Structure formats: C-alpha cells, structure tokens
Amino acid sequence: MKILKNKLKNELNIRTEKDYPIKGIEFIDMTPLIMQKETLKEILDQFEERLKNKEIDYIVAPEARGFLLGTAIADRLQIGCIPVRKKGKLPPSTVENRFQYEKEYGKDEMELPKLVKNTYENKKFYLVDDIYATGNTMKAIQKAIERVGGEIIGKGVIMNITALNKEKDVFSLLEVEEE
C-alpha cells in the first residue's frame, strides 16, 4: 500500500492482511488508528472542523467500523447517527428500506432503519465510513436514502483507495494506492 495523501500527524499504525476475506483481496484494518487516543482525537477533530458549519440532520454510518466513527462524529456535532445494518439485524417493523449491492468480494444486503420521530423526507445526511474502496456501499446507502426523500450532502472516510474508484467528492484523511 502506497500512501498518496496523509492529513494525519500521528503515527499510521495500519494492519493489512492478504487474501482476506477471500483470495485476491487485501484487507486493510483501520482499527489500530482508533485504538490510539491521539490519532482518534485527530481524526474526529478533522471531521468536526470540516462539518461544523454544514447543515446536517444526521450522520449515516454502515456496519461495523462506520458505526464507531459515525457515532463519535455525530456526538461532536450534536446530531443523531443512523446505523445502517446488515440484513437480518433489525426487526422487520423497524426497517425503512432494504437494499442489495456489489462489494469487492461479493453481494451484500443492508437495511436502513426507520427514524424515531421523523421521516427521511427533506432531511440532510452525511455518510461516514472507515474506507472508501469501490464506493458501492456508500452509493447504495445514498440511493436508499434518496428513495425515501432524504438528501446526501457529503461523504467522508478515513482512507480512500483511489485506484478502485474515480470519486472526487469524497472527503478523506488518507489516500492510498494498492501496490
């Protein structure tokens, strides 16, 4: 992995595992970045600075590492966080929208939960995850939110693997290229 852009000052302790979860995929583990309190604080500070003056109703974060980042950012901005779950993790009565999408290593299905006292209509959402690879997860979530009347006003990740996508509108702290 070659680092093309790095907005973090603290040490980049990133683990990788070849041929996981299937042969031909290199798994990038961002967990060590959030284990280190200084790096976690720096990540959250940068997201807070970027988003503090934007009109956002909710942070939206996919399972599982997105939950960690999204919830912390939402807390900093004093707004809610919507956890997008894998199929079957929510009772059917709480699901607003179910959708399938292609990942780098197969199909997946996720569920957008119903909001508690609101609908998605005319609300503004910011998507957050740990890594942007092909972007299919975020694109699928965006379509699901737009189908129920919401508006995505931006996307942000810790790391963007630029060789796997052509997105220019994704905020990232790190940009990398697979070697």
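From a predicted model like this one, the values you see are computed outputs, not experimental measurements.
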*D75 versus T71: any side-chain heavy-atom pair under 4.5 Å?*
no
*Heavy atoms of other groups near K7 NZ, more than 12 under 6.0 Å*: yes
*Shortest non-hydrogen contact between V157 and M138, atoms and distance*: CG1-CE, 3.7 Å
*Is L164 linked to I141 within one hydrophobic cluster, defined over Ile, Leu, Val, Met, Phe, Trp and Tyr using a side-chain heavy-atom separation of less than 4.5 Å?*
no
_Within the 6.0 Å centroid threshold, strictly below: F125 and Y120_ = yes
*Hey, any chance I59 and L115 share a hydrophobic cluster, counting ILVMFWY side chains that come within less than 4.5 Å of each other, even indirectly?*
no
*Going through the checks in order, is the side-chain hydrogen bond (donor to acceptor under 3.5 Å, both in side chains) test met by T162 and N160?*
CA-CA 6 Å; T162 57; N160 185 356; 5.9 Å; no
*Is the closest side-chain heavy-atom distance between L173 and I43 below 4.5 Å?*
yes
*Common cluster, I158/I161, ILVMFWY with side-chain heavy-atom separation under 4.5 Å*: yes
*Does T134 reach the side chain of E102, with side-chain heavy atoms less than 4.5 Å apart?*
no
*Please report the C-alpha distance between N136 and N165 in whole Å, then the side-chain angles of each, then the deciding distance to 0.1 Å, and finally whether the side chain to side chain contact (heavy atoms under 4.5 Å, CB included) criterion is met.*
CA-CA 9 Å; N136 290 346; N165 66 78; over 6 Å; no
*Apply the test side chain to side chain contact (heavy atoms under 4.5 Å, CB included) to residues N13 and Q36: give CA-CA distance (whole Å), side-chain angles for both, the deciding distance (0.1 Å), then the verdict.*
CA-CA 9 Å; N13 290 318; Q36 302 168 130; 2.3 Å; yes
*Roughly how far, to the nearest 0.5 Å, is the CG atom of L12 from the CD1 atom of I3?*
5.0 Å
*Can you tell me how far the CG atom of L68 sits from the CG atom of D129, to the nearest 0.5 Å?*
10.0 Å
*After noting the C-alpha distance and the side-chain angles of S172 and M159, does the key distance pass the side chain to side chain contact (heavy atoms under 4.5 Å, CB included) rule?*
CA-CA 6 Å; S172 64; M159 177 185 288; over 6 Å; no
*Consider only side-chain N and O atoms of Q142 and K155, and report whether a donor and an acceptor are under 3.5 Å apart.*
yes
_As an exercise, state the distance from CG of D29 to CD of E17, rounded to the nearest 0.5 Å._
9.5 Å
*Measure the shortest side-chain to side-chain distance between P113 and E96 over non-hydrogen atoms and say whether it is less than 4.5 angstrom.*
no
*Charged N-O contact under 4.0 Å between D57 and K123*: no
*Closest heavy-atom contact between C81 and G70?*
SG-C, 3.6 Å
*By side chain to side chain contact (heavy atoms under 4.5 Å, CB included), which residues pair with R85, not counting sequence neighbours?*
E63, F67, P83, K89, L90
*Taking every non-hydrogen atom, the tightest pair across A144 and N97*: O-ND2, 3.3 Å
*Taking atom CZ of F27 as the centre, report whether more than 12 heavy atoms of other residues, nucleotides or ligands fall under 6.0 Å from it.*
yes
*Would you say L174 and I14 make side-chain contact, with heavy atoms under 4.5 Å?*
yes
*List the steps and the verdict of side chain to side chain contact (heavy atoms under 4.5 Å, CB included) for V176 and L4.*
CA-CA 5 Å; V176 301; L4 305 173; 5.8 Å; no
*What's the spacing between I56 CD1 and I79 CD1 if we round to 0.5 Å?*
5.0 Å
_For the residue pair N10 / E38, report whether a side-chain donor-acceptor contact shorter than 3.5 Å exists._
no
_Side-chain heavy-atom pair D19, E26 within 4.5 angstrom cut-off_ = no
_I want to check something: taking the side chain as every heavy atom from C-beta on, are Q46 and E42 in contact at a cut-off of under 4.5 Å?_
yes
*Hphob cluster co-occupancy, M30 + I73, side-chain heavy atoms under 4.5 angstrom*: yes
*Would you mind checking if K139 and E167 are paired as a salt bridge, meaning a charged N to carboxylate O distance below 4.0 Å?*
yes
_Shortest non-hydrogen contact from K114 toward V95_ = CE-O, 3.5 Å
*V128, I131: one ILVMFWY side-chain cluster at the under-4.5 Å cut-off?*
yes
*asked:* Working to the nearest 0.5 angstrom, can you tell me the gap between I153 CD1 and K54 NZ?
replied: 6.5 Å
*Cationic N near anionic O, under 4.0 Å, E111 to K87*: no
*Kindly indicate whether the side chain of F99, heavy atoms from C-beta on, has any atom under 4.5 Å from the side chain of D108.*
no
*What distance do Q100 atom CD and R98 atom CZ have between them, rounded to the nearest 0.5 Å?*
10.0 Å
*Under 30°, 30 to 60°, or over 60°: which ring-plane class applies to F47 and F171, parallel, tilted or perpendicular?*
perpendicular
